[in-house]
Each structure stands twice: as structure tokens, then as C-alpha cells.
Amino acid sequence: MRKSATALCQLAALLFALTTGSIAALAADGQDHDGKSGGTADHAKFEELNKTFASGPDVTRACLSCHNKAGDQVMHSIHWKWEFQNEKTGQTLGKSHVINAFCGNVAANEPRCTSCHVGYGWTDMAAGPPKDETKVDCLVCHDRTGTYTKIATAAGMPPLDPVSPKAQTITGAPAKALDLGKIARSVGLPGRENCGQCHFYGGGGDNVKHGDLSSVLFEPTKAVDVHMDKDGLNFACSKCHVSTEHQWAGSRYDVKAIDTVGTGKPGARRDVATCESCHGSSPHPIGTVAGIKLNNHTGRVACQTCHIPSFARGGVATKTKWDWSTAGKLKEGAPYHEEDFTQSDGSHLHTYLSTKGGFEWGENVTPYYAWFDGQVRYTLSDATIDPTKTVEINRIKGSPDDPNSRIWPFKRMEGRQAYDAKLNHLVYNHVFGPDTDSAFWTNFDWDKAIKAAMEHVGVDYSGEYGFVDTLMYWPITHMVAPKDDALACAECHARDGRLASLAGFYMPGRDHFSWLDIIGYLAIAGALGGVILHSLARVMMRGRTKH
Amino acid sequence: MTDKNHYHDIRAQEKPPVIKKKTRQGLCPGQNHYVMIYTRYERFWHWSQAALIFALFFTGLNIHGTFSLISFKLAVTIHTFAAIALIVLWIFTTFWNFTTGQWRQYLFKEGIFKIIRFYAYGIIVGEPHPYKKGLQRKQNALQSLAYMTFMLIVGPALWSTGIIYLLYDLWRDMPYAGVLLPIIAFLHTAAAFMIAIFVIVHVYMTTTGKSVFHYVKTMITGYDCVELTEAEEAYIRETQSVSMIE
């Protein structure tokens with residue numbers, strides 16, 4: 001009923017607009033939108049922080065002396081547990097469990113992968129994250145000096161004096177010793193540089209994983225991201241990813257694919273990171289037919305589909321294909337690399353690494369589109385796969401017949417990765433371990449690397465491996481373009497448009513009934529031919545008419 | 001000389017002197033009178049309907065994907081406004097038809113086969129038109145049937161499916177909406193093709209008058225020569241209810 005009332009209102013508005021012209025745009029409210037202002041304490045003046053700190057946990061101890069619930073809150077978050085219980089599918093997900101189409105798995109590669117953990121010293125996935133709340137890393141999110149970072153291979157530890165000259169940070173920069181006291185006295189609400197240090201570098205490098213999260217978003221232009229525009233709205237991540245008790249809205253494991261609540265009632269708390277939570281579900285101006293039609297799209301098409309015309313924009317490419325099966329080739333007994341992809345900024349990206357195999361990259365990538373109700377089911381190590389077919393690492397659920405599904409854009413990652421050739425399931429891989437005799441990146445021996453990882457995780461392994469083609473879907477939701485760059489109707493409403501391969505529903509401009517068209521055009525041609533013949537007959541018989 | 005023979009004479013001679021004379025009497029020979037048979041509203045309705053149908057057909061094909069001469073957005077916008085305008089026009093015209101009694105013009109008439117025979121054969125060999133236009137019988141049997149079909153079958157098929165299509169948002173969550181939409185689209189497209197054929201034949205038929213543009217001119221000026229009964233003529237002279245030029 002509500003929907004019909006809304007639509008009737010829209011129709012009324014259209015008729016109204018016919019006579020009164022278009023409706024004035026809403027005025028900007030002139031508020032500070034960055035989402036990290038508004039604090040009431042200057043941490044530089046706190047006695048607890050005016051000292052030197054020897055380690056990360058030392059700082060955390062000082063933080064917890066006032067924020068005495070913060071440690072417990074963080075330790076209940078996905079940022080800490082790397083575990084997500086999906087109530088809808090019953091699957092236990094999270095970085096500590098899933099296998100992906102990139103490096104593969106965290107387990108068995110801990111100190112490298114847990115370098116991005118929001119804590120200090122998680123060295124064994126199976127044992128779970130540290131139990132001591134002083135091991136929570138407050139600074140990685142709350143540092144406001146812009147200097148705090150973590151060593152790339154040290155299970156979350158920051159670089160402290162003395163730093164090994166070869167040490168790198170999690171973003172790949174050379175590591176320098178930190179001044180923990182100065183950082184502790186700077187703390188505030190997280191900015192993009194806090195979140196981005198980990199989230200922009202997922203998969204082992206800039207924009208490798210998501211496609212819509214890259215270092216470009218530290219200081220983006222309006223064209224790259226209309227909300228984070230450094231000269232405009234300048235949103236922090238937390239402006240949309242709202243939090244309560246250190247739990248953030250916006251899950252990739254359980255996506256809110258449609259938000260019918262919209263902005264909610266004034267003052268109502270909305271713990272969602274959806275576009276609708278700010279823009280409502282009828283965001284287009286209703287003074288035009290196009291505006292009303294676009295509002296009618298919001299129930300079927302995700303905002304992202306039109307408003308993110310392509311991802312990996314702004315000059316940083318994303319990895320689109322990763323073929324592990326070619327990894328391990330050596331030249332004269334030594335690993336080598338190739339750099340055959342040139343990014344728009346002129347830098348060369350790896351297209352082959354002995355340690356990782358072959359890669360393909362893409363910039364300004366057109367998304368893959370699919371119906372999506374928010375539910376994602378992962379192919380975990382216990383799932384039997386059919387190696388003769390392409391295996392979907394994560395399956396996205398959705399259907400045109402389901403009112404809770406909408407057409408969403410995805411990054412579709414192509415992979416070729418290892419599986420157990422006898423038991424037909426995906427395998428874990430031990431890649432990182434400079435000191436082990438089984439790690440792939442050190443020894444280039446698949447047998448040993450898979451066996452070691454499977455033992456570490458405790459999953460059966462037959463001892464025989466093969467490689468299977470895989471696909472992995474990453475919902476695209478960042479890098480929202482300015483409205484003038486949103487997709488034009490005909491990008492989809494066309495015979496060979498972006499949604500040409502999306503079956504199961506009728507779409508004007510794309511779909512038609514071939515035989516009706518043939519009959520129709522023939523009938524028109526027949527009528528034209530008929531009247532031409534008739535007129536010719538009239539002209540020729542003129543003057544020869546009988547009396 | 002009867003009216004029937006007069007038509008005969010015009011067709012038989014290369015340059016009929018009666019027409020050439022261009023006097024008012026010359027315009028309407030015999031018993032015929034030069035009267036306004038299409039009132040101002042009727043002409044307004046006809047031509048605005050024609051313009052809207054052309055706009056709808058052009059933008060409709062653009063939306064359909066037959067061609068993309070204008071943007072999809074512009075095509076949808078024009079199509080929607082033109083459709084709303086046409087529906088409003090039809091509502092007014094239906095009202096006009098019933099209040100003026102003109103709806104009777106569309107009623108079924110005898111002699112349709114004579115008309116069909118005339119257009120299929122007689123017109124080519126120069127036979128006279130078997131139908132005589134009158135104030136209360138502006139349309140011949142074939143016209144009445146065609147316009148009736150247009151107004152009662154093809155038109156409603158278009159506007160009903162069009163409105164349902166336009167209001168898709170209201171029913172898209174209903175069960176079987178996904179099945180209904182292509183059916184609606186099919187009917188809408190099929191009816192549009194029928195209109196196209198109607199328009200082609202209709203436009204061609206306008207060239208079959210005394211001259212190629214005679215009927216078009218009549219539809220613009222509203223005046224034509226029609227046979228009036230003595231009673232009609234007396235009534236018009238007395239009441240001035242219908243414009244008549246002598």
C-alpha cells in the first residue's frame with residue numbers, strides 16, 4: 001500500500017511539475033561532513049599520555065585506563081576476531097576461515113597476513129587472536145599524525161627502534177621507527193589514512209583486491225569519489241560505515257543489498273552503511289519523468305550500478321586475474337618477475353612472479369552485473385567442487401523474481417588455484433615463511449606448501465593437487481562518481497548494453513519479440529507497398545477512365 | 001445535373017471549368033453547400049492527436065531499440081508526456097463526442113462492401129464514389145468501421161497497456177509481475193504496429209479526394225461540400241447553427 005501511495009504521489013508530482021516547472025534543488029546544509037570532528041578532549045593534555053612508550057601494548061594500557069570498555073568492545077568485533085557467523089547460511093566466515101582467489105588463505109601464513117590485524121602478535125590462526133586486551137592496537141585506527149604503521153611481516157607489530165633496514169610497512173613503504181608518545185597524544189576519530197592503510201592494500205598491494213578501494217581514496221578528486229572528494233565533502237570512511245561500540249556497519253559477508261527503510265524517521269538510529277540511509281529510496285528529483293523513472297528503479301537496481309560506472313578509477317589498477325598454476329618457474333634456479341602492465345601513471349605492475357604466478361590488471365574496469373539479495377555463500381575447504389567446471393569461490397544469491405534482489409555491480413576476479421585432485425576440495429597454501437622448508441615463496445614446492453598448510457589447519461589432504469579455474473565476486477560500492485557521470489539509460493536499455501547477458505526479466509530497449517517485430521515491420525512495409533501500388537494504378541489509369 | 005454526374009464530369013475533363021472559376025457557387029455545384037462539417041474542436045482534436053501519435057510512434061521505436069536517434073532518456077520523457085497528453089485529449093474528446101451527439105457518426109453503416117469495392121477497383125477505373133457525404137453522415141461505412149476499431153480496440157489496447165506499463169512500479173512486486181511485464185510489452189508493441197498501419201492507410205486515403213490535398217484541406221479549414229436536405233438547409237439558415245458559405 002505504501003508503495004502504491006508513493007507512486008501515486010509521484011504521478012501527482014509529475015502532473016504538478018507539468019504546470020509549475022522543476023523543483024528547486026535542496027540547499028547544502030553547510031555542515032562539516034568528514035565524520036571525525038566534534039571531539040571534546042585534547043589528548044595531548046592527558047597526563048597518562050605525556051611519557052615515552054616502549055611498545056604498542058604500553059600505549060593500549062594507557063588508553064584503557066580511561067576507555068575501560070574499549071578493549072572488550074574491539075575484541076568482540078570482526079576487526080579483531082576475523083570471524084563472521086553468517087546466520088542466514090550457517091557458514092562460519094571471516095579471514096580466519098575463508099579461501100579467496102588472491103593469496104588464498106591467512107592460516108599458515110600468519111605473521112604476514114596478521115600484520116593488518118587490529119592487534120599485536122596474532123601468530124596462530126587456530127589459537128585465535130590474543131586474549132589480553134592490551135594487545136588491541138588502538139593506534140592503527142586512532143593515530144592522527146599520519147605516521148603510525150605496522151611492519152609487513154610481524155603479526156601486527158609497529159616498527160620500533162631499532163628497525164631492520166630491509167623492513168617494509170603494510171603499504172610496502174620502507175619502515176621507520178615510530179614515536180609512540182607523539183602518536184598517542186594525537187589520537188582522534190579514524191580518518192581515511194587509518195582505514196586505508198589496511199583496506200586499500202588488501203590482497204598484497206594497492207587496490208589488488210577490491211577494485212574500488214585504492215590509495216587514490218586517501219586524497220581523491222570529486223571525479224573519483226564524490227563523497228570523499230578532498231576539496232569537497234571530504235568524508236571519512238566512518239561517515240557511512242557508522243559504528244556502535246566498535247562494531248561497523250557494512251559487511252561484505254552479509255550485504256544489505258536493499259534498504260527499504262531509507263533514511264528512517266528523524267532521529268532514528270541507522271546502523272547501516274547503505275546509500276539509502278542518507279539519500280532515501282527515492283533520491284532523484286521528482287520534477288521530471290526521468291527522475292520519477294529513476295526512483296522507480298531503486299527497488300530493482302542498486303544505486304551503485306548506475307553511480308559507479310567503472311571501478312579502479314583515478315590511476316591505480318586492480319588485479320583482475322591471478323593464475324597460481326604458473327607459479328614456481330625459475331630462471332637459472334632463481335625466482336624472477338615480469339612487469340608487462342603499464343598503469344596510467346606510468347608505473348609497471350607485475351604480470352608474473354615466480355612466487356605468485358601470472359596476473360592481469362585493469363583500470364577503469366566495467367563491473368560485472370548480477371542480481372543480488374545480499375547473501376553470499378563461500379566455497380570453503382569442506383565443500384566438494386567439480387574441477388571440470390569453473391568454481392565460484394563465493395556464490396552470490398539473487399533473482400529477478402525476488403523483490404529483495406537488485407542488480408548490483410561486482411568486480412569478478414578470475415583465478416586459477418590449487419585444489420585436492422582426489423578429494424575435490426579447495427586447499428590451503430603455506431606461502432609465507434622465510435625460515436621454513438615448506439613455504440612456497442621460499443621453496444617453490446607445491447607438494448610441501450599445500451601439505452604444510454593443510455596440516456596446520458587440520459583439513460584432510462590426499463597428497464595430490466591440481467589447479468582449477470575460479471571466480472570470485474566483490475560487490476562494488478565505493479568510488480561513487482558525480483551524478484553527471486552516472487550511467488545513461490541506454491548503457492543498459494540497449495540491445496547490446498551492460499545488462500545484455502542478464503537473463504530472466506524483460507527490459508525495454510534490450511528485449512523484444514523477434515517474430516512480432518518481423519511481422520510488424522513486414523506489415524508496415526506491406527501497407528506502404530500497397531498504397532504505392534494503389535497510387536500507381538490510379539495515376540496510370542488516369543484519363544483512361546470509363547464513362 | 002446531379003451531384004453524382006458532376007463528379008463524373010470533373011474526372012472526365014482535363015481542366016474542369018467549374019473548378020477553375022473559383023467562385024463560391026462554383027465550389028459547390030448542384031444541391032451541395034459549402035458548410036463547416038468539422039468544427040474547430042474536431043479539427044484541433046484530429047491534428048493534435050495526429051502530432052501526438054507521430055511523436056509516440058517515433059519515440060516508441062527509439063525506446064523499443066529499432067533505432068536510437070535520440071537518447072533513451074529523452075525518448076522516454078517525450079513518450080510519457082505525449083501519452084499523458086493524448087489520454088487527456090481522448091477523455092475530452094469522448095466527452096465532446098457524447099455531449100454533441102457526434103458519437104453517432106461512428107455507428108455501423110450499411111454498404112461497406114460497396115466502399116471496399118470502390119477503393120479496390122472503382123477508384124482506379126474512375127467510378128464515382130458510392131457514398132455521399134452529409135452533415136449527419138460525414139463518414140462512409142469503411143471509415144466508421146476503421147475509426148470505431150481504432151477507438152474501441154487498437155486505441156484502448158495501446159493506452160491500457162501503456163498506463164499499466166507506465167505504472168510498473170505499482171505492481172512490480174505482485175506475484176507473476178515478471179511474467180506480466182513482457183505480455184504488456186508485447187501487446188503494447190503489437191498495437192503500436194497496428195496504429196502505424198492505420199496511419200499509413202489513413203494518410204494515403206486523404207489523397208483520394210477530388211484532388212490530392214482536398215481532404216487534408218477540408219480537415220484544416222473544416223469546410224466541405226455536402227448535400228443538405230431541405231430541412232437541414234432551412235434549419236441552418238434559420239438558426240445559423242452551422243457555418244455555411246454561399
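Each chain gets a letter, A, B and so on, in the order the sequences are listed, and its residues count up from 1. Below, each value reflects all heavy atoms present in this structure, side chains not excepted, and no hydrogens, waters or symmetry copies.
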**Report entry** Contact check, side chains of V289(A) and H79(B), non-hydrogen atoms, under 4.5 Å
**Finding:** no

Minimal heavy-atom distance between L166(B) and K293(A), with the atoms involved, is O-NZ, 3.5 Å

Interface check, chain B: of D511(A), I524(A), D401(A), most non-hydrogen pairs under 4.5 Å belong to I524(A)

What one should report as the nearest heavy-atom pair of R538(A) and T207(B) is NH2-O, 2.7 Å

In terms of heavy-atom pairs under 4.5 Å with chain B, the winner among G526(A), P403(A), G509(A) is G509(A)

Counting heavy-atom pairs under 4.5 Å with chain A, the top scorer among F72(B), W171(B), Y119(B) is F72(B)

Under 4.5 Å to a heavy atom of chain A? For Y176(B) that would be neither

dist I63(B):CD1 -> H493(A):NE2 (nearest 0.5 Å) comes out at 10.0 Å

For K73(B) and C489(A) the tightest heavy-atom approach is CB-SG, 3.6 Å

Parallel, tilted or perpendicular: ring planes of H512(A) versus H64(B), cut at 30 and 60 degrees:
perpendicular

Between R172(B) and R300(A) (side chain of the first, backbone of the second, donor and acceptor by atom type, cut-off under 3.5 Å), is there such a pair?
no

Whatever's closer than 4.5 Å to a heavy atom in chain A on S68(B) counts as neither

Fill in: Crowding at OH, Y41(B) (>12 non-hydrogen neighbours, <6.0 Å)
yes

With chain A, the option among A177(B), P182(B), A185(B) that has the most non-hydrogen atom pairs under 4.5 Å is P182(B)

Rounded to the nearest 0.5 Å, the CZ atom of F505(A) sits from the CG atom of L181(B) at a distance of 10.0 Å

Heavy atoms from other residues, nucleotides or ligands near OH of Y521(A) exceed 12 (cutoff 6.0 Å): yes

Distance col, row L167(B):CG vs N296(A):CG, nearest 0.5 angstrom, shows 9.0 Å

Taking CZ in F67(B) as the centre, count heavy atoms belonging to other residues, nucleotides or ligands within less than 6.0 Å. Is the count above 12?
yes

Honestly, the part of A490(A) sitting under 4.5 Å from a heavy atom of chain B is both

Of all heavy-atom pairs linking L516(A) and F193(B), the shortest is O-CE1, 3.8 Å

Taking every heavy atom of G65(B) against every heavy atom of R495(A), the minimum-distance pair comes out as O-NH1, 3.6 Å

Under 4.5 Å to a heavy atom of chain B? For A494(A) that would be neither

**Prompt:** Can you check whether S535(A)'s main-chain N or O pairs, donor with acceptor, with Y204(B)'s side chain at less than 3.5 Å?
**Reply:** yes

Do T77(B) and T288(A) make a side-chain contact, defined as non-hydrogen atoms from C-beta onward lying under 4.5 Å apart? no

Output for pair (D517(A) CG, T66(B) OG1), nearest 0.5 Å, gives 6.0 Å

Looking only at heavy atoms, the pair that brings Y165(B) and P508(A) closest together is OH-CG, 3.2 Å

